[in-house]
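Residue numbers count from 1 along this sequence. All values derive from a computational prediction rather than experimental measurement.
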Amino acid sequence: MAAPAQSTTQPGGGKRKGKAQYVLAKRARRCDAGGPRQLEPGLQGILITCNMNERKCVEEAYSLLNEYGDDMYGPEKFTDKDQQPSGSEGEDDDVEAALKKEVGDIKASTELRLRRFQSVESGANNVVFIRTLGIEPEKLVHHILQDMYKTKKKKTRVILRMLPISGTCKAFLEDMKKYAQTFLEPWFKTPNKGTFQIVYKSRNNSHVNREEVIRELAGIVCTLNSENKVDLTNPQYTVVVEIIKAVCCLSVVKDYMLFRKYNLQEVVKSPKDPSQLNSKQGNGKEAKLESADKSDQNNTAEGKNNQQVPENTEELGQTKPTSNPQVVNEGGAKPELASQATEGSKSNENDLP
């Protein structure tokens, strides 16, 4: 319940509005704009990470999304104020009909204020959430990345990653399990099947356990179809789990590794060798080993003392292939999946070069 408005007396004898009145007026303006103003369960949209400049990120996002949105879905249609339905037109003798018409006019005017793309508060720093209306976020973002991957044309400066969010729910394990049962069906329920991986990121949340979420979601995927298998190298589908405060954002995307984790800065870069698309890790090891062998031939004494085994640096979210790719045993038990996670909450996905 809002606190009563307090007024203070100014030196000239007038009264100044209290803080509560300004807060209520600000909320009223937000509600009048139409649609929610912060990330909450039940939304679809696009989650965008940036580098310290959120305002510039929103501008770039609007420009990029409108460009490709018009290409896929046609130009966004607007209605002028003069063309908006008005309840004052025509005279109705029936009071009930007049009320129905007024309610319809209010709903119509609210729908006209809703835009195809609308920025809302995400609840985390350097993260922007663009609510979408009447489009499929995963198809739009995939189309953007596919075009940038082919043309190698850089179109943004501050946007780092652009992840489609097909659904949101409360960030509690039971709510996530219940929501995922139906959310994952279009991709993994029999007769549909495919290889998959799960990527997880949590921001401003400490009550959700990463390993537990990954284990439960992987178990649900394998329950929908026993032929669904984990593939950490080149999966058909990547289940994206983004948790911000008390909201869990979910999506299933394709070509996650090919498009460099949906990073707009990295996807436009041309690799020196096509084999580096899926893994640069092996090439790095071979280069280090070759240089070590050459130095060993030139100076065998120093080679014995200084030669070191190259470190196993992770790149593109890959892990060691020694982990068991099976998620669910034949008996139905779900093993630990912590070693199979491609991304963890400890690694910062936004810090890609």
Show the numbers, then the answer: is there a side chain to side chain contact (heavy atoms under 4.5 Å, CB included) between Q181 and I220? CA-CA 7 Å; Q181 288 284 353; I220 292 174; 3.8 Å; yes
May I ask you to decide if the ring planes of Y179 and F183 are parallel, tilted or perpendicular, using 30° and 60° as cut-offs?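 Because their plane-to-plane angle is under 30°, the rings of Y179 and F183 count as parallel.
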Between [X] and [Y] (side chain of the first, backbone of the second, donor and acceptor by atom type, cut-off under 3.5 Å), is there such a pair?
X    : Y    : value
Y62  : S119 : yes
H143 : G69  : no
S63  : E59  : no
T190 : N225 : no
N192 : P186 : yes
N53  : V158 : no
N209 : E212 : yes
Q44  : S166 : yes
K178 : L173 : no

Taking atom [atom1] of [X] and atom [atom2] of [Y], what is their separation to the nearest 0.5 Å?
X    : Y    : atom1 : atom2 : answer
D147 : E67  : CG    : CD    : 8.0 Å
L133 : R116 : CG    : CZ    : 9.0 Å
N51  : L160 : CG    : CG    : 5.5 Å
K150 : Q146 : NZ    : CD    : 4.5 Å
M162 : L140 : CE    : CG    : 8.0 Å
L145 : L258 : CG    : CG    : 9.5 Å

Do the side chains of [Y] and [X] get nearer than 4.5 Å, heavy atoms only?
X    : Y    : answer
D231 : M257 : no
L264 : K155 : no
R131 : F117 : no
L163 : V141 : no
T238 : V199 : yes
V208 : S202 : no
V247 : F129 : no
K154 : Q265 : yes

Are E242 and R203 close enough for a salt bridge, meaning some N to O gap below 4.0 Å?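 Between R203 and E242 there is a salt bridge, with a charged N closer than 4.0 Å to a carboxylate O.
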Any salt bridge linking E76 with R115? Criterion: basic side-chain nitrogen under 4.0 Å from a carboxylate oxygen.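 Yes.
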Check [X] against [Y] and note the closest heavy-atom contact, atom names and distance.
X    : Y    : value
I198 : A218 : CD1-N, 3.6 Å
Y262 : K254 : OH-O, 2.6 Å
T168 : E40  : OG1-O, 3.2 Å
C169 : D175 : SG-O, 4.3 Å
N228 : V221 : ND2-O, 2.9 Å
I244 : S122 : CG2-O, 3.1 Å

Joint hydrophobic cluster, M72 plus V253, side-chain heavy atoms closer than 4.5 Å: yes
In the single-linkage hydrophobic clustering (I, L, V, M, F, W, Y; side-chain heavy atoms under 4.5 Å), do V241 and F172 co-cluster?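 Hydrophobic grouping puts V241 apart from F172.
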For the residue pair Q197 and T233, confirm or rule out a side-chain donor-acceptor distance under 3.5 Å.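 Their side chains do not contain a donor-acceptor pair, so the 3.5 Å distance test is not met.
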Checking side chain to side chain contact (heavy atoms under 4.5 Å, CB included) for the pair I243/M176: CA distance, chi angles, key distance, verdict? CA-CA 11 Å; I243 296 179; M176 295 167 62; 4.1 Å; yes
Counting only heavy atoms from other residues, nucleotides and ligands, does the tally under 6.0 Å from NZ of K152 exceed 12? yes
Identified side chain to side chain contact (heavy atoms under 4.5 Å, CB included) partner of I48 from the options I159, V127, V58, T156: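 With I48 as partner, I159, V127, V58, T156 yield a single side chain to side chain contact (heavy atoms under 4.5 Å, CB included), made by I159.
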From CA spacing to verdict: side chain to side chain contact (heavy atoms under 4.5 Å, CB included), T132, I46: CA-CA 7 Å; T132 59; I46 300 170; 4.2 Å; yes
List the steps and the verdict of side chain to side chain contact (heavy atoms under 4.5 Å, CB included) for K261 and Y256. CA-CA 5 Å; K261 300 182 182 180; Y256 186 76; 3.7 Å; yes
